[in-house]
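Reckoned from all heavy atoms, side chains included, excluding hydrogens, waters and symmetry mates. Each ligand, and each atom within it, is numbered from 1 in the order the structure gives.
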Amino acid sequence: MSVKRVLSGIQPTSDSFHLGNYLGAVKQWVDLQDGHDAFYCIVDLHALTGEIEPKLLRARTLSSAAQLLALGISPQKSTLFVQSQVPQHNQLGWLMECMAGFGEASRMTQFKDKSAKGGADSARVGLFTYPMLQAADILLYQADLVPVGEDQRQHIELTRDLAGRFNTRFGQTFTIPDNYILKTAAKIQDLQDPTSKMSKSSGSVAGVLELMDTPESNAKKIKSAATDAGREVIFDEKEKPGISNLLTIHSALSGQSIASIEKDFEGKGYGDFKTAVAEVVVEYFRPIRSMALELLNDEKHLLDLLHAGAHKAREVAATTLATAYENLGIVK
Ligand code: TRP
């Protein structure tokens, strides 16, 4: 059996990844590079379905690339590229729009949630057709596995349905990807509100640990994290959600077991513990942040890496698109 093809995508919608993004997705992408043929895509066209700020889009696309590289996505092992640099995404996206039913697309919960939030008048057509572009992202590469979070399950299901429909009606064209929902590695919660998930859209700035933030700022966030009644450092999600979250963070980054961290802090208070957690986080992020900043400082080199990735991606994408066109009867 040949190596499995992996494809995933991330939107360049913020200046920095946060600890939850890293542990929940990017770290697993890094692991999947070994033993798989991985394609990772910065989906800038999908980001246009939200607020469009040209300066920010550009900066965030480059910054996402720099962070992925600094976190261990290797251009030797995988193909890292920017979606808009591979025009076949738009081309196959249209074909997918012509396969999908209006009712089927209307049932996408992410569309329903996002369009409800801004009011029906502010929702744009691109938000509605977003899942068909995502299906194209995946099917162009004949991906076997699509590592994504639970919130993307429905989009992957739709992709499978569209691929199956196309294959049945027009002949074998696309690999039907498996569902591959990322395991919830460690549950990372907001530092200020440890009962909800660490997230930039819902959380407070002070509750989110950002990779590109300064070490001082991240240390300060940890030192002012919400703690719980009592003074013992023990893992108890119900009674001590704040301390439990800090234990999870420490353990995920230091590799030390929670039990052994608890032991180290027996008889010590929350203050000492927070100092230690801050140190673990700051030292873990420090080299990653400086490498990302270094990459951003040499934009030409960073763009060269991305162009090389796009070149490799286009070769695969063009082959798939040509087959799809041919099977549809499109004249060459
Ligand atoms: N919709 C995905 C998200 O919001 C991003 C995405 C776009 C994606 N295209 C993809 C993920 C293709 C996996 C595969 O997280």
Side-chain angles (χ1 to χ4, degrees), residues 4-14 17-18 20-30 32-33 36-51 57 60-61 64-65 67-68 73 78-94 96-97 100 105 108-115 117 126-163 174-182 184 197-202 309-310 313 316-317 320:
K4 293 213 157 138
R5 174 76 50 81
V6 165
L7 177 130
S8 199
I10 194 160
Q11 287 197 53
T13 44
S14 66
F17 297 159
H18 62 73
N21 300 140
Y22 171 56
L23 293 172
V26 179
K27 187 164 190 283
Q28 302 183 55
W29 290 10
V30 172
L32 282 165
Q33 294 182 109
H36 296 90
D37 180 15
F39 283 70
Y40 296 123
C41 180
I42 298 166
V43 291
D44 55 345
L45 299 174
H46 278 112
L48 298 176
T49 60
E51 204 74 54
L57 180 63
R60 288 171 170 178
T61 302
S64 299
Q67 289 175 79
L68 289 169
I73 300 295
S78 33
T79 306
L80 173 67
F81 66 103
V82 176
Q83 183 189 35
S84 59
Q85 295 182 357
V86 183
Q88 287 83 1
H89 289 249
N90 305 71
Q91 295 174 292
L92 187 62
W94 173 250
M96 290 300 124
E97 286 177 36
M108 293 295 117
T109 57
Q110 185 164 307
F111 167 72
K112 288 198 281 187
D113 292 349
K114 287 197 178 170
S115 56
K117 247 185 215 163
L127 193 61
F128 186 69
T129 58
Y130 178 119
M132 282 60 82
L133 180 60
Q134 180 168 353
D137 298 341
I138 297 167
L139 299 177
L140 274 177
Y141 300 94
Q142 310 287 358
D144 300 295
L145 301 174
V146 188
V148 286
E150 178 59 42
D151 65 328
Q152 294 298 309
R153 185 187 290 277
Q154 199 186 25
H155 289 166
I156 310 303
E157 269 314 320
L158 176 72
T159 302
R160 288 164 53 86
D161 290 346
L162 295 175
F174 302 115
T175 300
I176 300 185
D178 274 343
N179 269 324
Y180 183 98
I181 302 300
L182 291 165
T184 13
K197 194 168 121 182
M198 185 177 286
S199 144
K200 291 232 271 217
S201 48
S202 58
V316 179
T320 304

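The residues D37 and R5 are annotated as salt-bridged, a charged nitrogen and a carboxylate oxygen being separated by less than 4.0 angstrom.
Checking each of I138, T79, V6 against F39 for a side-chain contact (heavy atoms from CB on, under 4.5 Å) leaves exactly one that passes, namely T79.
Within 4.0 Å of ligand 1, counting heavy atoms only, the contacting residues are L7, S8, G9, Q11, V43, H46, Y130, Q134, D137, I138, V146, V148, Q152.
Residues Q134 and I156 are in side-chain contact: their nearest non-hydrogen atoms beyond the backbone lie under 4.5 Å apart.
Around CD of E51, the count of heavy atoms belonging to other residues, nucleotides or ligands within 6.0 Å does not exceed 12. For K27, the NZ atom counts as loosely surrounded, since its 6.0 Å shell holds 12 or fewer non-hydrogen atoms of other residues, nucleotides or ligands.
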Exercise. Output, in order, the C-alpha distance, side-chain angles, deciding distance and verdict of ring-ring contact (aromatic ring centres under 6.0 Å, His included) for H89 and Y141.
Key: CA-CA 10 Å; H89 289 249; Y141 300 94; 5.6 Å; yes
